[in-house]
Amino acid sequence: MFGYVRPSDDRLTPADRETFRAAYCGLCHALGARYGLVGRMILNYDLTFLAMVLSDGAGEMCAKRCAVHPMRRRCCVAGDPALDAAADMSVILTYWQLRDGVADHGFWCGLKYRIASVLLRPAYRKARERRLQFDAGTKAHLSELAALERERCSSLDAPADAFAQLLALAAEEVNDPVRRRVTAQMLYHLGRWVYLVDAADDLKKDVKSGSYNPLVYRFHAEGGTLTADDKAALAATLDSSVRAMAAAFELADFGPWRAIIESVLYEGLYAVGAAVLNGTFRKGHKRKQRKAGA
């Protein structure tokens, strides 16, 4: 995934922040237990949010040490099947994202993606066996997306829908049928939002490299920049997906994760979207993400 989905720190109480860190650490431990060090390397905000959305609150709080925090035990969530599901799906999504990077670049530019995918391949094979349906659906929707990219599709909705359908597959892990429908709707619109935000974030880089980016064709942004009107139009479609997520969210009980998910949907996504569009998102991004997991 991409690292765009983050809670708004200002909206969270100290207890909420501790709960978020516990989920983050819990997913890290799940990735480590199932896939070793290579699994822990793919941990990010998006995957933690996925785990919380899938969770029914079955896990328990505990304290554990790890390589990052060897001297002091840190609070983390354990025993929640949603953490294992999110860990498996994280590996599958990351593997196919890396393979997409190999396909999109020449030999030398794609070498880093090739090496990373080789390192992740043993973990991917384990994850595939555990989540056969999710892996098959992921490959099918990514094939659809690749076809649209080859056509240089000028629509925003068509490629965004392919990625959105992919992420919505994760909702099949939810047992309750009502909660499953709510989760599918949330993840669908989250996938759409992530795809379009990533396109905006990568616009200049994609124009320089010649990689496909739907914003180039939709807004005639061959120079790698959007006009003020184009940014307003893109912001409107991004915000419509966030509102659809929020509307679905209000239909189900998310237990201990409610305040954190609220902070993502009602403030965090809007802030990230605005930062991407005005070009300030990457500043301090890696430092802040490390701090959240610290």
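We number each residue from 1, following the sequence as shown.
Looking at Glu173 and Arg131, a side-chain N of the basic residue comes within less than 4.0 Å of a carboxylate O on the acidic one, giving a salt bridge. Glu129 has no carboxylate O lying under 4.0 Å from a charged side-chain N of Arg125, or vice versa, which leaves the two without a salt bridge. Using a 4.0 Å cut-off between a side-chain N of Lys or Arg and a carboxylate O of Asp or Glu, Glu18 and Arg74 do not qualify as a salt bridge. Between Asp84 and Arg34, at least one side-chain nitrogen of the basic residue sits less than 4.0 Å from a carboxylate oxygen of the acidic one, meeting the salt-bridge criterion.
For the 3.5 Å distance criterion, the side chains of Asn278 and Thr280 qualify, holding a donor opposite an acceptor. For Thr237 and Arg192, the side-chain atoms include at least one donor-acceptor pair closer than 3.5 Å. Of the N and O atoms on the side chains of Arg40 and His29, at least one donor lies less than 3.5 Å from an acceptor on the other residue. Neither side chain, Thr19 nor Asp16, offers a donor N or O lying under 3.5 Å from an acceptor on the other. Checking Arg218 against Ser154 by side-chain atom types alone, no donor-acceptor pair falls below 3.5 Å.
The distance from the NE2 atom of His220 to the CG atom of Leu226 is 12.0 Å, given to the nearest 0.5 Å. With rounding to the nearest 0.5 angstrom, the CG atom of Leu54 is 6.5 Å from the CG atom of Leu187. We find the CG-CZ distance between Leu265 and Arg258 to be 9.5 Å, quoted to the nearest 0.5 Å. Atom SG of residue Cys28 and atom CG of residue Leu43 lie 5.0 Å apart, to the nearest 0.5 angstrom. Interatomic distance, OG of Ser263 versus CG of Asp10, reported as 10.0 Å (0.5 Å rounding). One distance of note links OH of Tyr266 with CZ of Arg243; it measures 12.0 Å at 0.5 Å rounding.
Here the closest non-hydrogen pair linking Pro122 and Leu119 is CD-O, 3.5 Å. Across all their heavy atoms, Ser117 and Tyr95 have their closest contact at O-CE1, 3.5 Å. Closest non-hydrogen pair, Arg152 versus Ser211, comes out as NH1-C, 3.6 Å. The two residues Asp9 and Arg17 come nearest to each other via the heavy atoms OD1-NE, 2.9 Å. Shown here for Arg180 and Ala171, the closest heavy-atom pair between the two residues is CG-O, 3.2 Å. The minimum heavy-atom distance between Ala51 and Leu83, with the atom names listed, is CB-CD2, 4.0 Å.
Side chains of Leu234 and Asp230 form no contact here, defined as non-hydrogen atoms less than 4.5 Å apart. Proximity of Phe49 to Ile261: side-chain heavy atoms (C-beta onward) are separated by under 4.5 Å at one or more points. Looking at heavy atoms from C-beta onward, Leu215 lies out of side-chain contact with Asp206 at the 4.5 angstrom threshold. The shortest side-chain heavy-atom distance between Leu166 and Leu93 falls under the 4.5 Å cut-off. No side-chain heavy atom of Gln185 sits less than 4.5 Å from a side-chain heavy atom of Phe249. In this structure, Phe219 and Leu156 have side chains that are in contact, with non-hydrogen atoms separated by less than 4.5 Å. Within the 4.5 Å cutoff, no side-chain heavy atoms of Tyr45 are placed close to those of Leu50. Inter-residue side-chain proximity for Ile260 and Met52 is flagged as met; some heavy-atom pair is nearer than 4.5 Å.
One hydrophobic cluster holds both Tyr113 and Leu145 under the rule that ILVMFWY side chains link at heavy-atom gaps under 4.5 Å. Placement of Tyr195 and Val242 within a single hydrophobic cluster is found when ILVMFWY residues are connected by side-chain heavy-atom separations under 4.5 Å, directly or transitively. When hydrophobic clusters are built by joining Ile, Leu, Val, Met, Phe, Trp and Tyr residues whose side-chain heavy atoms come closer than 4.5 Å, directly or via intermediates, Met41 is not grouped with Leu98. Transitive grouping of hydrophobic side chains (ILVMFWY, heavy atoms separated by less than 4.5 Å) brings Leu251 and Met245 into a common cluster. Linking ILVMFWY side-chain heavy atoms closer than 4.5 Å, directly or via other members, places Phe163 and Tyr188 in two distinct hydrophobic clusters.
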inquiry  = For a side chain to side chain donor-acceptor pair (under 3.5 Å) check, start with the C-alpha distance between Tyr35 and Asp88, then their side-chain angles and the critical distance, and finish with the verdict.
reply    = CA-CA 9 Å; Tyr35 302 107; Asp88 297 341; 2.5 Å; yes

Under the criterion side-chain contact (heavy atoms from CB on, under 4.5 Å), I'd like the reasoning laid out for Val91 against Lys126: C-alpha separation, chi angles, the key distance, then a yes or no. CA-CA 9 Å; Val91 170; Lys126 291 180 182 178; over 6 Å; no

- Report the C-alpha distance between Thr94 and Leu120 in whole Å, list the side-chain angles of each, state the deciding distance to 0.1 Å, and finish with yes or no for side-chain contact (heavy atoms from CB on, under 4.5 Å). CA-CA 9 Å; Thr94 303; Leu120 191 61; 3.8 Å; yes

Handout entry: Residues Phe254, Met186; criterion side-chain contact (heavy atoms from CB on, under 4.5 Å); working and verdict
Key = CA-CA 12 Å; Phe254 286 87; Met186 289 177 63; 3.5 Å; yes

*How far apart are the C-alpha atoms of Asp239 and Trp193, what are their side-chain angles, what is the distance that settles it, and do they pass the side-chain contact (heavy atoms from CB on, under 4.5 Å) test?*
CA-CA 8 Å; Asp239 291 351; Trp193 183 90; 5.7 Å; no

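For Trp96 and Tyr124, the distance between ring centers is under 6.0 angstrom. Between Phe281 and Tyr4, the distance separating the two ring centers is shorter than 6.0 angstrom.
One N or O on the side chain of Tyr212 and one on the backbone of Cys153 form a donor-acceptor pair closer than 3.5 Å. Of the possible polar contacts, one joining the Asp46 side chain to the Gly3 backbone as a donor-acceptor pair under 3.5 Å is found. A donor-acceptor pair is defined here as one N or O able to donate and one able to accept, closer than 3.5 Å; no such pair exists between the side chain of Arg128 and the backbone of Ile92. Remark: side-chain polar atoms of Lys231 are paired, donor with acceptor, to backbone N or O of Leu277 under 3.5 angstrom. A donor-acceptor distance shorter than 3.5 angstrom exists from the side chain of Asn44 to the backbone of Leu47, with no hydrogens or angles considered.
Counting only residues at least two apart or in different chains, side chain to side chain donor-acceptor pair (under 3.5 Å) contacts with residues 137-148 are absent.
Tested against Thr183 for a side chain to side chain contact (heavy atoms under 4.5 Å, CB included), the candidates Val174, Asp176, Val178 yield a single pass: Val174.
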